[in-house]
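Report on the following structure.
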2 protein chains.
Amino acid sequence: MKLQQLRYVAEVARRNLNVSDAAEALYTSQPGVSKQIKLLENELGVTIFERSGKRFVGITEPGRAIIEGAERILREAENLKRLGKEHAGGDSGALVLAVTHTQARYALPPIIRAFVERYPKVELALRQGTPEQIAEWLEEGEADIGVSTEGLDNHSSLVTLPVRQWHYCVIVPAGHAALKIPRLSLSALARWPLIVTSAAERMGLRAAFQRQGLEPQIALTALDADVIKTYVGLGLGLGIIADFAFDPARDTDIHCLDAAHLFESSTTRLGLRRGVFLRRFEYDFIQFFAPHLDRHAVERTLQGGGGDYQL
Amino acid sequence: MKLQQLRYVAEVARRNLNVSDAAEALYTSQPGVSKQIKLLENELGVTIFERSGKRFVGITEPGRAIIEGAERILREAENLKRLGKEHAGGDSGALVLAVTHTQARYALPPIIRAFVERYPKVELALRQGTPEQIAEWLEEGEADIGVSTEGLDNHSSLVTLPVRQWHYCVIVPAGHAALKIPRLSLSALARWPLIVTSAAERMGLRAAFQRQGLEPQIALTALDADVIKTYVGLGLGLGIIADFAFDPARDTDIHCLDAAHLFESSTTRLGLRRGVFLRRFEYDFIQFFAPHLDRHAVERTLQGGGGDYQL
DNA sequence: CGTGATTACGTTTATCGTAATTATA
DNA sequence: TATAATTACGATAAACGTAATCACG
């Protein structure tokens, strides 16, 4: 049994049983992959892939278990390599962050500024995507640390760590009637067209209205807070965004009203691949972002069976 | 990185940093091991072993982590091989049981009779040893399943499963005065010389006396129940053995008195290496032994983080 | 017939073992 | 000086890539 063979098997399984694709992805020849897989099957005495003639059409039941094991082994091997880099490379290396728009635009800049100052030799890459994409990138090892408010919890191969709680707030154009209301209520909000993110809808914003028998007028569903602010500025309606996405210094044409009493609070979370080895600068990045997440807290969660760390 | 290299590193670490010994154990040459380790260190960019000139004198801090990872990988690889055999070999294979004397002599015979009838092609090996040896054999992969009443719990790499509870009983030669006592007490027992196992002493037998301010007269400390029964038959004293070690059909010269009310009950436990892949016949063996331990219960414990299954 | 896996075969690379060398206790 | 790791080197074997072949849709 060779690590190479396990790599081949795992890659073929990942590429929908297409040996040619797998070979290309692994920068090697198709016959090589084919042969090594056969050798492994021979050694283990088990056919891993169901074949119809010469074509791969499925995974046998023992094959499934073998692929799982192979992936565990490969992850561990990956960890060893990282471990090497950690001790050899010192303060240089690469860090790929997978984050949502709002995090990248509002929450992360000060963190990243501090990080690049501390670790100038680390190549920092920011990958922006939906929570689903972020989870996928983490699972595939294409990103090291994910940041998102939702969508990371339903993946058993990931662990999540709470960074901080935040609330929604309502942004209002200057001179709008809503500014005269002393304490905002849902029924008042329902009177005006609203501009929200699709994420906010998923997070139960619409449900909050409906619990009081109200139906909000959603004028526009945007993907990010910047778009929302733009349209609020144009007078299309009231915006609902995360409180930390309002910048009093820059957003002078609009006002921000507290809405903590109207909607449930949300928690920004970090996502990591379970059991992964983290380099020192990764632990430090996490602690820059969430000071309560020291190395020990993160390690405990990474190793821990199921339960995620609670805020 | 090659599996072979990881094997070499792990073996050298296990053999007190002696490359020559490791090479011999791996049936290969010393220079080969030496070279592969150096290659791995080169690839990872980390020195794993501290050297004084040409001699290995210690393990570096990153080396420790690498060896740990290597061992995890090797265990997983071992699992894949077993997985292959399971599906290829069908009902044949090998099963190494590591057990204490009392288990081998009294608890296991009916189980093993049933097992060999069901799996005649499985090569069954019985290794008898102390609880400490059993734990060690399991950890090293030299035995598949361990059975013991004590000594398996303090090993983090093992999981244990409860098989059944049992009590101590007192065996008495025919015509002995103790037979006339209606209900045995510790103070009565303290009047006669006792013959016990060293295991029973560890399990708190002596402590039970001392809690009542009594000091038992230990005439003889034996290693197994057969020896105890022999000397009880010779009239050297009363014996204290596990209840299931008394065989009314065979042990006609001695009597057995219930002592469940005098000493704490004990629990026979199975020991397994954490996370190991078990073959079908191993699951079946376990269930022959402890019907409540079906495949699911065992799997849950094997994967489970820390907690052992409770009876 | 085109896509895609296997077989055949020559090249290259890496592994292994013996022997010689060097360093330590 | 004995023990133990490294270096050198030749023999062996494994992996790789190209080209040809074969099977399925």
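Computed from heavy atoms alone, side chains included, the values below leave out hydrogens, waters and symmetry copies. Naming: A, B, ... by sequence-line order, numbering from 1 per chain.
Under a 4.0 Å N-O distance rule, the pair Arg82(B)/Glu282(B) qualifies as a salt bridge. Between Arg15(A) and Glu11(A) a salt bridge is recorded (basic side-chain N to carboxylate O distance below 4.0 Å). Between Glu41(B) and Arg51(B), at least one side-chain nitrogen of the basic residue sits less than 4.0 Å from a carboxylate oxygen of the acidic one, meeting the salt-bridge criterion.
Thr60(B) contributes a side-chain N or O that, together with a main-chain N or O of Gly63(B), makes up a donor-acceptor pair within less than 3.5 Å. A donor-acceptor distance shorter than 3.5 angstrom exists from the side chain of Asn79(A) to the backbone of Gly275(A), with no hydrogens or angles considered. With hydrogens and angles ignored, the 3.5 Å screen pairs a side-chain donor or acceptor of Arg279(B) with a backbone N or O of Lys85(B). With hydrogens and angles ignored, the 3.5 Å screen pairs no side-chain donor or acceptor of Arg274(A) with any backbone N or O of Val159(A).
Annotation: the terminal axes of the helix from dC1(C)-dG25(D) to dA25(C)-dT1(D) meet at 40°, where each axis is the rotation carrying the C1' atoms of four end pairs onto the next four (5 pairs per end, rounded to 10°).
Here Ser52(A) does not reach the OP1 or OP2 of dA23(D): none of its side-chain N or O atoms lies under 4.0 Å away.
Atom CD in Glu11(B) sits roughly 14 Å away from atom P in dA5(D) (whole-Å rounding). Look at CZ on Arg15(B): it is 18 Å from C1' on dA5(D), rounded to the nearest Å. One atom, CZ of Arg55(A), and another, C1' of dG25(D), lie 7 Å apart when rounded to the nearest Å.
Across Val298(B), Leu158(B), Thr160(B), Ile145(B), a single residue satisfies side-chain contact (heavy atoms from CB on, under 4.5 Å) together with Leu270(B), and that is Ile145(B).
Among all heavy-atom pairs drawn from Ile134(B) and Val99(B), the shortest one is CD1-C, 3.4 Å.
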Which letter, B, S or -, goes with each nucleotide of nucleotides 6-17 of chain D from 5' to 3', with contact meaning a protein heavy atom under 4.0 Å?
-> BB------SSSB
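On the nucleic acid side, DNA chain C contacts chain A at distances under 4.0 Å to non-hydrogen atoms, with the end points of that region at dT3(C) to dT7(C).
Looking at heavy-atom distances under 4.0 Å, Leu17(B) makes contact with sugar-phosphate atoms alone, never a base.
The ring of Phe285(A) has its center no closer than 6.0 angstrom to the ring center of Phe281(A).
Between the CZ atom in Phe56(B) and the CD1 atom in Ile37(B) there is a gap of 5.0 Å [rounded to 0.5 Å].
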